[in-house]
Amino acid sequence: MVIRPLAEGVEVLAPAKLNLFLEVLGKRPDGFHELETLMVAIDLHDRLTLAADDSGQIVLTCDDPSLPTGAENLVVKAAETLRAEAGPDASKTLGARISLEKAIPAQAGLGGGSSDAAATLVALDRLWNLHTPAGRLRELAGQIGSDVPFFLDAPVAVCRGRGERVEPLNLNPDTIAGFHAILVCPPVGVRTADAFAGLTPPDRPEPIEPVIDALRSSDSERLGRRLFNRLQPVAERIQPALGRVRAALNDLGSSVLDGHLMSGSGSAYFGLARNREAAELAASRLGDLGIGMVRVVRCGP
Ligand code: C5P
């Protein structure tokens, strides 16, 4: 994420993520699933502006009228979680006005809500002068949602547990910035809970190491062959229209894309391109098919 000071408050650019690999290792007693996933941030951002006051009110406005702006929005949940951490009297004094401009589609598997929540934690910790220790901020992030801690550590990490145990990968920024992708966001979403509910964990999970090695090699063809997402067939059963998106990416062929995959629990798909030109070519061919919003993105901070 990128934080910039404003005359009053701060502006934060909160990135989306792609899952280059996602395996489900099993179902846990708490109802969640044990995951192993490789996530990378991309240059598609929501924009938040936050200003602190002493009103005791947390007020969120959003340019997307389809999104809730009350306690069910992860931004408000993050602000309230952080404020509760500041002590019982904090809710009488610590207030914030937050404006959210959405560019990352919801229910797309791109982590938009989670990234907005991580941005809110970091920004309000600063504006409210709380100085929450980094480890505690990560714990709070994990309570808000499984993907939130990743965005405190992005741009590239292996995430385990529910997704909240983040191991950043120490890669040269140029390595990941070399990867371009074409993003397709269909007009239908998939609820994360539904995707997990429809899944039977595999007897023999796919290993994550080959995809990490492929990413390190900065070889897009090699990475393209290793893309994997256990949730993709489940999401395609829930929303059969998603099969058309996969077919359209497949039809572009290996001369344009090195591979393609659904991100997270869907419904967004991405095609991995070896350079910007290939991604632009893919975008021009996909743009007319009416399968969803098409956009060229780059990996990295
Ligand atoms: O943590 P988050 O709020 O993103 O999860 C949404 C839902 O997705 C959970 O309530 C759960 O049903 C499912 N989930 C899961 N295993 C995970 C992450 C999410 O079953 N590791």
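In this chain, numbering begins with 1 at the start of the sequence shown. Worth knowing before you read on, the calculation uses all heavy atoms, side chains too, and leaves out hydrogens, waters and symmetry mates. Counting starts at 1 for both ligands and their atoms, in listed order.
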### Query
Is it true that Lys102 and Asp63 make a salt bridge, defined as a side-chain N closer than 4.0 Å to a carboxylate O?
no
### Query
In terms of side-chain geometry, is the basic nitrogen of Arg165 or Glu36 positioned less than 4.0 Å from the acidic oxygen of its partner?
no
### Task
Go through the side-chain N and O atoms of Arg274 and Ser220 and say whether any donor and acceptor fall under 3.5 Å apart.
no
### Query
According to the salt bridge (charged side-chain N to carboxylate O under 4.0 Å, His left out) rule, which pairs have a member within residues 210-226, sequence neighbours left out?
none
#### Entry: Contact residues of ligand 1 (heavy atom under 4.0 Å), by chain and number
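Lining ligand 1 at under 4.0 Å, by heavy atoms, one finds Gly31, Phe32, His33, Leu35, Gly145, Ser146, Arg162, Thr192, Ala193, Phe196.
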Tell me which donor-acceptor pairs under 3.5 Å the side chains of residues 130-142 have, and how far apart each pair is, sequence neighbours excluded?
residue : atom : partner : partner atom : Å
Thr132  : OG1  : Asp125  : OD1          : 2.6
Arg136  : NE   : Glu85   : OE1          : 3.4
Arg136  : NE   : Glu85   : OE2          : 2.7
Arg136  : NH1  : Glu139  : OE1          : 2.6
Arg136  : NH2  : Glu85   : OE1          : 2.9
Arg138  : NE   : Asp153  : OD2          : 3.0
Arg138  : NH2  : Asp153  : OD1          : 3.1

For residues 282-291, tabulate all N or O donor-acceptor pairs below 3.5 Å that involve a side-chain atom, not counting sequence neighbours.
residue : atom : partner : partner atom : Å
Ser284  : OG   : Leu281  : O            : 2.8

